Amino acid sequence: RIHHIPSKRVQRVITRAHSLPWTATSTFTLSLGDFHGDFTVPIGYGTTVRVQNGRNVLERSTGVENLSSLVARGEYLLVGGHEYRVCLDVSESIPYDESHLSLCSKDDALEPATFFSDSASSIIDELPVFILDTSLGAAKSPSTGDSFIRTVDASGFYKDTRGRLRRGDLIRIGHPDTGETFRVSTDLSRDFADSIIPLGSKD
């Protein structure tokens, strides 16, 4: 058991208001960490996968949810203690569907990466898969110059992010370390809906 003495240190938070005016009932939220996040979110309810030792294709083992709807191409994964990305290659030879995900290098989502385990078994079964806690899912066909993104999964269903995002929040599109950063628009005349995130300048 570890005991911690409560700290009475006071810290001052300085922020720039983007939605004036401030009133006695105004509130704001604080975030810690970065866009990369941590692998703390399991995919699906009761969903696990199997994989052949030395291969790079995950196959759904338990659960009934569509893997390609749960995990976007390029998504970071933690499987069996190893970090990968779902392959970005859309070739038919690279499985990506309701029952399969293909593993690529965490440093290059176009470079296949094989799964290796210390187990003597040729097939490792019922492995849980974790994604980053900062991931919001996939965006449909984003293009340079777009002022919004559409959040739609691989099956064409809307991915409502409003339970996790608020106007004024910072988001990063693409790579969690090198992707472009935006702010969810605070302009109330712009739609912020079940499949649309309005984008504004991060500044």
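Please read all numbers here as calculations on a predicted model, not as lab measurements. Hydrogens, waters and symmetry mates are skipped; everything else that's a heavy atom, side chains included, is used.
Here Arg172 contributes atom CZ and Lys202 contributes atom NZ; the two are 9.0 Å apart, rounded to the nearest 0.5 Å. The structure places CD of Glu59 at 10.5 Å from OG1 of Thr48, a figure rounded to the nearest 0.5 Å. Here CG of Asn53 is found 8.5 Å from OG of Ser121. Values are rounded to the nearest 0.5 Å. Summarising the geometry, atom CZ belonging to Arg183 is positioned 4.5 Å from atom CG belonging to Leu170; distances are rounded to the nearest 0.5 Å. To the nearest 0.5 angstrom, Ile94 atom CD1 is 11.0 Å from Leu88 atom CG.
The minimum heavy-atom distance between Ser102 and Pro95, with the atom names listed, is OG-O, 2.7 Å. Closest of all the heavy-atom pairs between Pro42 and Thr40 is CD-O, 3.5 Å. Minimum interatomic distance between Ala154 and Ser68 (heavy atoms only, all atoms of both residues): CB-O, 3.4 Å. The two atoms that bring Ala113 and Cys104 nearest to each other are CB-C, 3.5 Å, heavy atoms only. For the pair Asn56 and Thr114, the tightest heavy-atom approach, listed with the atom from each and the gap, is CB-CA, 4.1 Å. Of all non-hydrogen atoms in Pro198 and Arg167, the two that sit nearest each other are CG-NH1, 4.1 Å.
Within the 4.5 Å cutoff, the side chain of Ser69 has no heavy atoms near those of the Lys159 side chain. Looking only at side-chain heavy atoms (C-beta outward), Lys140 and Ser195 stay at 4.5 Å or farther from each other. Contact annotation: the side chain of Asp191 never approaches that of Phe148 to less than 4.5 Å [non-hydrogen atoms, C-beta and beyond]. Looking only at side-chain heavy atoms (C-beta outward), Asp169 and Arg164 stay at 4.5 Å or farther from each other.
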Inset, instruction - Decide yes or no on side chain to side chain donor-acceptor pair (under 3.5 Å) for Asp97 and Ser99, but give the supporting numbers first. - result: CA-CA 6 Å; Asp97 53 41; Ser99 302; 4.7 Å; no
Inset, instruction - Give the C-alpha distance, both sets of side-chain angles, the deciding distance and a yes or no for side-chain contact (heavy atoms from CB on, under 4.5 Å) between Tyr158 and Thr151. - result: CA-CA 6 Å; Tyr158 295 160; Thr151 50; 5.9 Å; no
Inset, instruction - Test side-chain contact (heavy atoms from CB on, under 4.5 Å) on Val90 and Arg73 and set out the steps. - result: CA-CA 9 Å; Val90 297; Arg73 292 186 186 274; 3.8 Å; yes
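Residue Leu165 belongs to a hydrophobic cluster whose other members are Leu136, Ile149, Ile171, Ile173, Phe182, Val184, Phe192, Ile197, Leu199, with links defined by side-chain heavy atoms closer than 4.5 Å. Through direct or relayed side-chain contacts under 4.5 Å between Ile, Leu, Val, Met, Phe, Trp and Tyr, Leu103 connects to Val41, Ile43, Val49, Val51, Leu58, Leu67, Leu70, Val71, Leu77, Val79, Tyr84, Val86, Tyr96, Leu101, Phe115, Ile124, Leu127, Val129, Ile131.
Within the 3.5 Å criterion, the main-chain N or O of Ser61 finds no donor-acceptor partner in the side chain of Glu126. Checked by atom type and distance alone, the side chain of Asp194 never pairs as donor or acceptor with a backbone atom of Asp160 at under 3.5 Å.
Residues Asp187 and Ser185 bring no donor and acceptor atom of their side chains to less than 3.5 Å of each other.
Less than 6.0 angstrom separates the ring centroid of Tyr76 from the ring centroid of His36.
The 12-atom threshold is not exceeded at CZ of Arg55, counting heavy atoms of other residues, nucleotides or ligands nearer than 6.0 Å.
Under the salt bridge (charged side-chain N to carboxylate O under 4.0 Å, His left out) criterion, no residue pair touches residues 98-109, with sequence neighbours excluded.
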